[in-house]
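Have a look at the structure below before the remarks.
Within every chain, numbering begins at 1; the chains are lettered A, B, ... in the order of the sequence lines, protein sequences first and strands thereafter.
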Number of protein chains: 2
Amino acid sequence: MGEEITTAKEAADDGLVLAFGRLLGAANRLEYLLGRAIEEECGISHLMYEVLLILAREGEAGMPMRAISREQVLTTGGVTRLIDRMEALGLVARGDNPDDRRGRLVRLTEAGERKAVEATRVHRENIERYFVAPIPAEHREWFAEDLRKLSHAARDAIPRLR
Amino acid sequence: MGEEITTAKEAADDGLVLAFGRLLGAANRLEYLLGRAIEEECGISHLMYEVLLILAREGEAGMPMRAISREQVLTTGGVTRLIDRMEALGLVARGDNPDDRRGRLVRLTEAGERKAVEATRVHRENIERYFVAPIPAEHREWFAEDLRKLSHAARDAIPRLR
DNA sequence: CGGGAATGTCTGACTAATCAGATACTCTTT
DNA sequence: AAAGAGTATCTGATTAGTCAGACATTCCCG
């Protein structure tokens, strides 16, 4: 594993690269499956669902677009367009930010709250099936904990997006 | 955790949904970081790198586009265009498939092999830093093993893409 | 306090994916 | 062997993101 790699075949068989590929593979596939399910059953994209949860956590006051961009790896331009679509669906509302007149605050509407609850029901069921079931019960706690560490380490390493 | 969820706030605080969000968050951010690094240092996208490794594993003969689409969650149309770009960069070559004249076989070129080795060097370094370092040494083996299980379970559950 | 740097959002131009339909071939069944 | 079903790839239209630049506002330092 610590050896010098000189052929493409060796590169492809590298243990570390394989393990990492597994993380991405698992995440991509799970995201795909769960995203599909939410899209079909609730009519919103997986990214919209994530934003619903972020806003739900934030509460009444709403949060600036900037903060959403930071939570999800998404440029501010991307957030603008995502929120445009969510606003068109009636899930969120934009309001002025009294503390900073450049910015705006996004908050959930009633419909957005209902959608968050509905989508979570669908989501939970599928997570149980695809994410929890394959991990042996005695590993689950550590596994979740390690994911948390990984998630934070990776977040801290990301340079600020425009 | 097993309780009925009725408000958006509760949905956002659901332990299972949070843990899953962590997996996706970690994977997205790591993919972002490592994708950036490979792109900047090697001039290819993360997806291209994955395909280089897939082809390296396959060897001389090459593999049909269909198989690539299956490995990466990507439609066949997406693979066509990805391989178009990789061909333009000189990393892969398409050849006829003697066994099935509908299909074509994709294989690495010399330049593709070199790129796979080069990119893996960059990749390994960053994986060490962002992926391995945050996981305590005594968990690593189980963690990788659990990821493997997850990855396979998720792969088997994915419906065939067009 | 005034001016330059920094920040938050939006937008036009672009990119890389999806989807669905077209085409060409293969496989199976009668 | 002919027909119909199935499969591999490619392509036009669409979509959802990126990037870079515009603009308004705020922050900070002399």
Sort and list the pairs that fulfil salt bridge (charged side-chain N to carboxylate O under 4.0 Å, His left out) and have at least one residue in residues 77-89 of chain B, not counting sequence neighbours. Asp84(B)-Arg94(B), Glu87(B)-Arg94(B)

At their closest point, which heavy atom of Met48(A) faces which heavy atom of Leu82(A), and how far apart are they? CG-CD1, 3.8 Å

Would you please name every residue forming a side-chain contact (heavy atoms from CB on, under 4.5 Å) with Glu10(A), sequence neighbours left out? Ile5(A), Thr6(A), Thr7(A)

Within the 4.0 Å limit for protein heavy atoms, which parts of nucleotides 17-25 of chain D are touched? Write it as a string from 5' to 3', B for base, S for sugar-phosphate only, - for none. SBBBB--BB

Using the side chain to side chain contact (heavy atoms under 4.5 Å, CB included) rule, pick out the option among Asn126(A), Ile127(A), Val132(A) that qualifies with Arg129(A). Asn126(A)

Could you give the CG-to-C1' distance, from Asp96(B) to dT26(C), as a whole number of Å? 16 Å

Neighbours of DNA chain C within residues 52-59 of chain A, by heavy-atom distance under 4.0 Å: none

Checking Glu58(A) now: which residues fulfil side-chain contact (heavy atoms from CB on, under 4.5 Å) with it, not counting sequence neighbours? Met63(A)

Got a sec, which residues hit ring-ring contact (aromatic ring centres under 6.0 Å, His included) with Phe143(B), two or more places apart in sequence or on another chain? Phe143(A)

Stretch residues 63-70 of chain B: residues that reach within less than 4.0 Å of DNA chain D through a heavy atom: Pro64(B), Met65(B), Arg66(B)

Can you tabulate the close N/O pairs, meaning under 3.5 Å, that link protein atoms to atoms of nucleotides 1-3 of chain C?
none

Return the set of residues passing ring-ring contact (aromatic ring centres under 6.0 Å, His included) with Phe131(B) (not counting sequence neighbours), or none when no residue passes. Phe20(A)

Let me know, please, whether Asp84(A) or Asp99(B) comes out on the 5' side of the other along DNA chain C by nearest nucleotide. Asp84(A)

Just how far, in rounded Å, is C1' of dA17(C) from CD of Glu31(A)? 14 Å

Calculate the interatomic distance between Ile83(A) atom CD1 and dT9(C) atom P; express it in whole Å. 10 Å

Report the end-to-end axis angle of the helix from dC1(C)-dG30(D) to dT30(C)-dA1(D); each axis comes from five terminal pairs, and the value is rounded to 10°. 30°

Tell me whether Ile54(A) is reachable from Ile83(A) by hopping between hydrophobic residues (I, L, V, M, F, W, Y) whose side-chain heavy atoms are closer than 4.5 Å. yes

Roughly, in whole Å, what's the span from CD in Glu39(A) to C1' in dT15(D)? 11 Å

Of all residues at least two apart in sequence or in a different chain, which pass the side-chain contact (heavy atoms from CB on, under 4.5 Å) check with Ala93(A)? Arg107(A), Thr109(A)

Grab the CG-C1' distance between Asn28(A) and dT18(C) for me, whole Å please. 15 Å

Can Arg101(A) and Asp96(A) be counted as an ion pair, charged N to O under 4.0 angstrom? no

Integer-rounded Å distance: dC25(C) C1' and Asn97(B) CG: 12 Å

For the residue pair Arg29(A) / Ser151(B), report whether a side-chain donor-acceptor contact shorter than 3.5 Å exists. yes

If I compare all heavy atoms of Ala56(A) with all of Ala8(B), which pair ends up nearest, and what's the gap? CB-O, 3.5 Å

Rounded to the nearest Å, what distance is computed from the CZ atom of residue Arg94(A) to the P atom of nucleotide dG8(C)? 16 Å

Using the rule that Ile, Leu, Val, Met, Phe, Trp and Tyr join whenever any side-chain heavy atoms are under 4.5 Å apart, tell me whether Leu55(B) and Leu105(B) fall into a single cluster. no

I'd like to know whether CD of Glu138(A) has more than 12 heavy-atom contacts from other residues, nucleotides or ligands below 6.0 angstrom. yes

Protein-nucleotide distance (Arg104(B), atom CZ; dT11(D), atom P), rounded to Å: 10 Å

Does His152(A) have any ring-ring contact (aromatic ring centres under 6.0 Å, His included) partners at least two apart in sequence or in another chain, and if so, which? none

Note: Tyr49(B) and Thr120(B) closest approach over all heavy atoms is OH-OG1, 2.8 Å

